[in-house]
Student: 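Input: one structure, supplied below.
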Amino acid sequence: MLQTNSNQPFIFSSPRLREQIGASFEITLLSHWVKEEAKELLSLKKLPSSFWVSDSSGKVIVRFRDTDGNTEKLAKQLIRKVTLRALTDAPGLDITGVFIEATSNTVCADDLQELDRVFLEYSLNRRPAAARFPQFPFLERGSESALPASPKLSEDDCREMRRYARKTLNVPLLTDDDTNFSPPTQTDQDAQDSLSLPSRVKRAWSRSARRLQLQEVVSRWSPDDPETWPKEIERLNEDPFQLEGAFQDLPQAANSQDTLTSLSSVGVIHIDGNGVGAIMRDLGEAFKKTNNTLDKLTKPPYLRMLNPCGKMPPRFRSYSGKLPHFRSYSRKPPRFQWFIMEVNYRLDDIVKEAIARSWADIEYLANDDDIDLVPVVPVLVGGDDVTVYTDGRYAIPFAEAYIRHYEDLTEKDGLLSVLATLAGAPKKGPLTASAGVAIVGRNFPFHIAYDLAEGLVSRGKKLGKKKETVPCSTIDFHVLRDATVLDPEDTLNEYKGRTQRPFLIGHYAPQRIGDATTTSSKETPAAAPQPLSPWARILQAVAAFDGKKPDDPTQITGDPFPRARANRIVKLLAEDDAEKAATEWNDALQNAPSAGLLAKQLKLLPPHSSSSDEAGKSLEQIKWLLDLIDLSGNLPDGYLASRISGDADVFGSAEAADDSTEGGAQ
């Protein structure tokens, strides 16, 4: 097993967007290195399908057979060659390699657990990657780095990287065959700067990384029209140096003439799948759960990578007596091994498909708002983990769209939908995910925003994976207004008692909240219409808060709810003065024209109190005000109307059909 370590510190060790794009890309090179070095060791043009056991971002498990030669020697040579590639091609990347002798001729779950144990034990006794860059006795420190400076990359270095990008990684070319302008590139300013070696290489890889990233997206947008891909890639800001100008101030020496318009706020999105870790930790149980369905799998509704262990699972082969020797078909992988690779590839493709579809949703919203382009930058896509940077106004819509598409794709996948039961689902259905969105100012340190987004995900997971309940997707967000407190836990503690976030959303949310329906209008035409999802109901409350019609936010109903009063109520809640906050709210119901309609919408939102205590009900309602303030100020203009109208089979709920106010002027 070869695995990268400390991925987040490696990616976020630099404040520059270019370096983070390049660092994330370098992690994905592990699979390519293993493939190339193994073919050279075995003197083969194509590796046998039995070679691959697991292949995911930053983690590869392979096996050598007795027929390949001295297996222990081959394992040591492969680890040595791959780690040397990391030292030269991705300096600063930490890769650990370990091996064990298998207990049988086939891959089994016990061997995989033993491999993990050996890996953890060995990792505790290794020197960290930072030890490769000593700074004593006297070394100049690189700019924007704690590592020593290095000479600029030579022409031979850049030429070899361009060759590798073109021929091995299939990086698309957007220019002629002039190698001086082919990816990867460094700007003239970078070449003269005092940079550490990891920084130089990350920046040099960044353009290749961005082009491959965009090709992945546009190929899923238009799979049958590859001729349009180059123009789409160019349109989506394929140059990381120019893209960086939207998120950060470029060095003064740089020519920033062609950079994007500076963003007013930046959204850092972190999303993590719920229960996927439990599935991967016990692959033996997962295999038993799905073994009978593997021969019946249908084509999934997304672009698929070919499983190197074969298109179809190997059939059962019965043996009797002792463990079998290798036979003529021993080059084919066992069924369990095929299953592991299939899970890896399906999950990876679903994550990429969900990103592409969410990106398309953002493009649609931007066009609807007359915005030419919203920059979207996936900086970490590994397994079920996703980290994306984008315009702060479009961050929450992107996160919600990703969860919606992720659930839809996993539900329609014949293999992953069955595995959802191991993640806590009551029956075959979608996998769930938790999203955290940190909306920060431009130039705010990415690593701090990432830590905050990760903390939001952790908080959402506690709610989404609550014991004795069905697992549910969640979304949580924070709008950073005060940068004096940067500890994620301290920052999130300020919400206690005055908001309702994190929000339960997605497939299982109605069941968790208590307003699940058993029939739809399509299945039973005479039945009552299916209500809107919990997320759409929250957006309806935002519309009412903004003085718009909840069922159709394109129409104005009157003045928005007074922001000064809303902020005053939120402040009273923060000061733990619930009685005064409730008094302010009741006063608003009597005097603010828009308060009645807002109160009507808030009654549809959780928690649904069965108490007859009006004061208690009012307190739960006004805890939504800070959420509504933040959502109102950080969503694009067309999002409410687009999302509410497209939510379900109907365009509104029965409760929201009446626009009359309650206790206030019409």
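Position 1 is the first residue of the sequence, and the numbers go up from there.
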Student: Can you tell whether the side chains of K45 and E40 come within less than 4.0 Å, N to carboxylate O?
Tutor: no

Student: May I ask you to decide whether R203 forms a salt bridge with E19, counting only side-chain N to carboxylate O separations under 4.0 Å?
Tutor: yes

Student: For A356, is there any backbone N or O sitting under 3.5 Å from a side-chain donor or acceptor partner on W221?
Tutor: yes

Student: Excluding sequence neighbours, so at least two apart, what forms side-chain hydrogen bond (donor to acceptor under 3.5 Å, both in side chains) with D225?
Tutor: none

Student: Indicate the ring-plane relationship of Y389 and F446, choosing parallel, tilted or perpendicular according to the 30° and 60° boundaries.
Tutor: parallel

Student: For a side chain to side chain donor-acceptor pair (under 3.5 Å) with T387, tell me which candidate from H270, Q8, Q20 qualifies.
Tutor: H270

Student: Go through the steps for V62 and L2 under the test side chain to side chain contact (heavy atoms under 4.5 Å, CB included), then give the verdict.
Tutor: CA-CA 9 Å; V62 299; L2 289 127; 5.6 Å; no

Student: Going by an N to O cut-off under 4.0 Å, is there a salt bridge joining D249 and R442?
Tutor: yes

Student: To the nearest 0.5 angstrom, please state how far the CD atom of E227 sits from the OG atom of S222.
Tutor: 11.5 Å

Student: Flag the pair I371 / R393 as yes when at least one side-chain heavy-atom distance between them is below 4.5 Å, and no otherwise.
Tutor: yes

Student: Give me the atom names and distance for the closest heavy-atom approach of G245 to S262.
Tutor: O-OG, 3.9 Å

Student: Using the test salt bridge (Lys or Arg N to Asp or Glu O under 4.0 Å), find all partners of R235 that sit at least two apart in sequence or belong to another chain.
Tutor: E232, E363

Student: List in chain and number order the residues that pass side chain to side chain contact (heavy atoms under 4.5 Å, CB included) with H405, two or more places apart in sequence or in another chain; answer none if no residue qualifies.
Tutor: A354, R357, S358, D361, A401

Student: Does R126 pair with D94 as a salt bridge, N-O distance under 4.0 Å?
Tutor: yes

Student: Could I get the full list of ring-ring contact (aromatic ring centres under 6.0 Å, His included) partners for F339, not counting sequence neighbours?
Tutor: F287

Student: Could I get the full list of salt bridge (Lys or Arg N to Asp or Glu O under 4.0 Å) partners for E342, not counting sequence neighbours?
Tutor: R304, R346

Student: Closest heavy-atom contact between R210 and P240?
Tutor: CB-CG, 3.9 Å

Student: Taking atom types as modelled and ignoring hydrogens, do the side chains of R281 and Q113 form a donor-acceptor contact shorter than 3.5 angstrom?
Tutor: no

Student: How long is the span from the CG atom in L212 to the CG atom in N170, to the nearest 0.5 Å?
Tutor: 8.0 Å

Student: Residues two or more places apart in sequence or in another chain: which of them pass salt bridge (Lys or Arg N to Asp or Glu O under 4.0 Å) with K76?
Tutor: E72

Student: Could you check whether E36 pairs with K81 (Lys NZ or Arg NE/NH1/NH2 to Asp/Glu carboxylate O, under 4.0 Å)?
Tutor: no

Student: Tell me, with the steps shown, if F64 and F51 meet ring-ring contact (aromatic ring centres under 6.0 Å, His included).
Tutor: CA-CA 7 Å; F64 290 110; F51 177 76; 5.7 Å; yes

Student: Go through S434 and D272 one step at a time and tell me if the side chain to side chain contact (heavy atoms under 4.5 Å, CB included) criterion holds.
Tutor: CA-CA 6 Å; S434 294; D272 192 9; 5.7 Å; no

Student: With distance as the sole test, does S14 use its side chain to make a donor-acceptor pair with the main-chain N or O of R16 at under 3.5 Å?
Tutor: yes

Student: Classify the side-chain pair D55/S31 by whether it contains a donor and acceptor separated by less than 3.5 Å.
Tutor: yes

Student: Which residues satisfy the side-chain hydrogen bond (donor to acceptor under 3.5 Å, both in side chains) test with D348, sequence neighbours excluded?
Tutor: K352

Student: Is it the case that the side chains of Q77 and R80 hold a donor-acceptor pair, with the cut-off being a distance below 3.5 Å and no angle test?
Tutor: no

Student: Quick one: side-chain hydrogen bond (donor to acceptor under 3.5 Å, both in side chains) partners of Y402, sequence neighbours excluded?
Tutor: none

Student: Can a donor-acceptor pair be found between the side chains of D413 and T410 at a distance below 3.5 Å?
Tutor: no

Student: Given side chain to side chain contact (heavy atoms under 4.5 Å, CB included), test L197 with L147 step by step and report yes or no.
Tutor: CA-CA 8 Å; L197 183 59; L147 302 179; over 6 Å; no

Student: In plain terms, say whether D239 and R207 are close enough for a salt bridge, that is, a side-chain N and a carboxylate O under 4.0 Å apart.
Tutor: yes

Student: In chain order, what residues pass the side-chain hydrogen bond (donor to acceptor under 3.5 Å, both in side chains) check against D385, with sequence neighbours excluded?
Tutor: none

Student: Check side chain to side chain contact (heavy atoms under 4.5 Å, CB included) between A23 and all other residues, then give those that pass, not counting sequence neighbours.
Tutor: F10, I11, K202

Student: Evaluate the side-chain proximity of L456 to V437: yes if any heavy-atom separation is below 4.5 Å, no if none is.
Tutor: no

Student: Could you tell me whether the side chain of T88 and the main chain of L84 form a donor-acceptor pair under 3.5 Å?
Tutor: yes

Student: Can you name the salt bridge (Lys or Arg N to Asp or Glu O under 4.0 Å) partners of E121, sequence neighbours left out?
Tutor: R117

Student: List the steps, then state whether side-chain hydrogen bond (donor to acceptor under 3.5 Å, both in side chains) holds for T96 with Q3.
Tutor: CA-CA 5 Å; T96 300; Q3 182 172 329; over 6 Å; no

Student: With sequence neighbours excluded, give me every ring pair (Phe, Tyr, Trp, His ring centres under 6.0 Å) pair touching residues 19-40.
Tutor: F25-W205

